[in-house]
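Reviewing the structure listed below.
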Amino acid sequence: MPLHRYRSHTCGALREADIGQTVRLSGWCHRIRDHGGVLFIDLRDHYGLTQVVADPDSPAFKLAETLRAEWVVRIDGKARRRPAGTENADLPTGQVEIYIEDIEVLGAAGELPMPVFGDQEYPEEIRLKYRFLDLRREKLHSNIMLRGAIIDSLRARMKAGGFFEFQTPILTASSPEGARDYLVPSRVHPGKFYALPQAPQQFKQLIMVAGFDRYFQIAPCFRDEDARADRSPGEFYQLDLEMSFVTQQDVFDAVEPVIRGVFEEFGKGKSVTPNFPMIPYAEAMTKYGSDKPDLRNPIVMQDVSAHFRGSGFKIFANILANDPKGAVWAIPAPKGGNRAFADRMNSWAQGEGQPGLGYIFWREGEEGGAGPLAKNIGPERTKAIADQLGLGIGDACFFVAGKPKDFVRFAGLARTKVGEELNLIAQDRFELCWIVDFPMYEWSEEDKKIDFSHNPFSMPNMDVDEFLALDPNDHEKLLAMKAIQYDIVCNGTELSSGAIRNHRPEVMKKAFAIAGYDESVLEAKFGGMLHALSLGAPPHGGIAPGIDRIVMLLAGEENLREVVLFPMNQRAEDLLMGAPSEATPKQLKELHIRLELPKK
RNA sequence: GGGGGCGUAGCUCAGUUGGUUAGAGCGCUGCCCUGUCACGGCAGAGGCCGCGGGUUCGAGUCCCGUCGCUCCCGCCA
């Protein structure tokens, strides 16, 4: 039987049982070792690596000597057993090699801007510009395959849970709240624009109003905001889902097994939280200084204001005396009880723009506590602090003071920093939790008014009649009320955000009125949705886990670019495709657009 | 928009207090090598030290500006 044009086997297929066969392989020259008299090539394709070998007796020897890294070649030859002692136990194909009888160059390669072989790190700019080379490399190649497998698994789990997959529009209308939109000019309607969806939020709610009951989608989302390591510029994917006739607990019961399931399936043996604890937002902020706490870090902060009120440490005592909202929080640092560590943390804090970081540490012979702060408040107060926090000899504690809302972000950073510095963060687990009871509203310092804390689609967690009767000027009550909104957090990364939606038009109008939005604004921006809700809308809710972040955690990566096929750089440019790019005058004319570029 | 880090050979990096002709590894070119799997050995080519200005007898090194990449803050329903 004639051989296939390109291959009889893949580069990962051959085993001892194939010895003696004439085979044909095609792939990339991964690594070439030329010994003069004998020449080895590791031939690589998607499936693996096979060693092919030539010596001067081979008719292809002369050609083999001209091959270079990353050339694509077809190799014909005989599969044979490697000589005793030269097997490679690290390769599945390591028992065999191909003796080359014929070579065809299918695609030559010039000098490479970055090698495919090895695990040397390269700058982002080169990696992104030559993404196709980077993707040949083992790590990235396997990350992308992992991504595909995770998405398959998510999809299968959702279908098994009775969810059905829908597609929603990409060209749609601008959304009233949230991030900056990507706009697409309309040719047919001069001066008007489509927006790319920041999430299929309104569509999935409309799907519920349309009676489909359980929706999901591997949904692309577009937001024109600046990037972070865990926030792709431009676009990202969510496992978007929505359910009708559900309470918060029903959503949790549907989603938690899916998330836990993929973490267990792809977590490479790392432990996964068996039941996600529910942590109220306010508790997360006071204990961990963050609404996305890393629960692998055992440090729990505590309020220790009482021990500093009227104490000899005037800075803290004055804060507490002069500001009714003032507080002192403690960040315990077990086993951190030495001056070098305390000083290092203090300089770190100064580098973060803080005046410093107060500390006490306890060491042998100084049971009363050491450090300037301990001296100022005296041994009794120092002991009381140690007792409250359960600290003793060998431990330390750091303190932040002021208004909690001003220092909480820094306190959370300090908690993380202490955990990292003292190696307290367990690396072998995925710690997941629900954050619940988010505030419905917050005070906008910029606009000097009450505004939605997260999004305007959430149902207030309050009796409807009571909510409708709320006084928009009762700021204290408004700022204290919660929305039925929740997040999933894993190892300090926010994985998803969801809510039971506000499906009652009168509640929606009231919610917007409280935030100072006139009913006409609501009608103009949100009219379609509002009408849908007034023509028989079921109670519904959902959530949208971020797929890129899930894959990032499961791949053990710290940057989303490592799990996205063709990512953009931090300035939202695609260096490979050259996007964004200028439009031609003809295109602009058709779109009725005249450019007014910033002066340079 | 703001702050930190980085920018030296195709790539990864070193480069002392400012002082001769700017170095190493990988890659590339040539030669040698019959069992390697990060093969080995010899020789060679390859530099606007991001760019512009300044200080100096002399700048990769110090100062100012600027550009690029990145991390963070702002921003992110």
Side-chain angles (χ1 to χ4, degrees), chain A residues 30-44 49-58 61 65-66 68-70 82-91 93-94 97 99 109-130 133-134 174-181 197-202 205 221-234 236 238 240 351-353 409-410 413 438 446 451-458 483 485 487 494 497-499 501-502 515 525-526 544 546 558-559 561 569-571 573 575 600:
Chain A
H30 186 62
R31 192 75 177 157
I32 299 170
R33 296 176 293 280
D34 185 350
H35 291 234
V38 60
L39 175 140
F40 302 96
I41 300 168
D42 293 331
L43 198 65
R44 183 197 74 237
L49 220 59
T50 299
Q51 175 167 283
V52 302
V53 55
D55 63 25
D57 297 333
S58 163
F61 186 69
E65 285 189 306
T66 67
R68 291 292 175 268
E70 295 307 305
R82 292 199 186 190
T86 66
E87 302 88 351
N88 186 342
D90 295 335
L91 287 181
T93 62
E97 63 187 15
Y99 182 74
E111 188 171 350
L112 301 168
M114 58 175 284
V116 172
F117 174 81
D119 50 11
Q120 173 76 55
E121 303 221 25
Y122 293 92
E124 292 290 342
E125 196 171 0
I126 301 231
R127 294 183 58 197
L128 293 176
K129 186 166 179 188
Y130 300 98
L133 286 180
D134 203 14
S174 180
S175 197
E177 285 282 321
R180 194 176 293 113
D181 284 317
Q198 298 180 25
Q201 178 67 33
Q202 294 188 61
Q205 292 193 238
C221 304
F222 304 90
R223 295 176 192 175
D224 187 5
E225 296 292 350
D226 289 342
R228 291 289 184 280
D230 64 351
R231 210 164 78 204
S232 292
F236 60 97
Q238 290 186 330
D240 195 42
E352 291 289 312
R409 201 191 73 81
F410 170 71
L413 278 182
F438 279 85
E446 192 181 336
D451 208 345
F452 290 109
S453 178
H454 276 75
N455 73 57
F457 305 97
S458 307
Q485 157 147 17
D487 281 2
E494 180 189 317
S497 205
R501 316 299 172 188
N502 188 342
K525 286 288 191 181
F526 217 10
E558 308 245 307
N559 193 301
R561 280 189 293 264
N569 69 7
Q570 196 177 40
R571 296 184 51 197
E573 296 167 312
L575 298 176
K600 199 57 205 153

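Note that the structure is predicted; figures quoted are calculated from it, not measured. So that the names make sense, note that chain A is the first sequence line, chain B the second, and so on, each numbered from 1.
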Legend entry - Watson-Crick or G-U counterpart of B:U66, or none if no pair lies under 3.5 Å: B:G50
Legend entry - Protein-nucleotide distance (A:Glu111, atom CD; B:C26, atom C1'), rounded to Å: 11 Å
Distances under 3.5 Å only, N/O to N/O: pair up the protein atoms with those of nucleotides 41-46 of chain B.
none

Inset, instruction - Assign A:Arg561 to base, sugar-phosphate, or nothing according to its heavy-atom contacts below 4.0 angstrom with the strands shown. - result: sugar-phosphate
Inset, instruction - Take atom C1' in B:G7 and the same atom in B:G52, then report the distance between them in whole Å. - result: 16 Å
Inset, instruction - Return yes if the base of B:U36 and the side-chain atoms of A:Gln51 contain a donor-acceptor N/O pair under 3.5 Å, otherwise no. - result: yes
Legend entry - Pairing partner (Watson-Crick or G-U wobble, both distances under 3.5 angstrom) of B:G10: B:C26
Legend entry - Interatomic distance, A:Arg68 CZ vs B:C11 P [rounded to whole Å]: 20 Å
Legend entry - For atom CD of A:Gln570 and atom C1' of B:G4, their distance in whole Å: 12 Å
Inset, instruction - Examine the base of B:G25 for any acceptor or donor lying under 3.5 Å from a partner atom in the side chain of A:Gln120, and report the outcome as yes or no. - result: no
Legend entry - Salt bridge present between A:Arg231 and A:Asp226 (N-O < 4.0 angstrom): no
Legend entry - Spacing between A:Glu65 atom CD and B:C32 atom C1', to the nearest angstrom: 12 Å
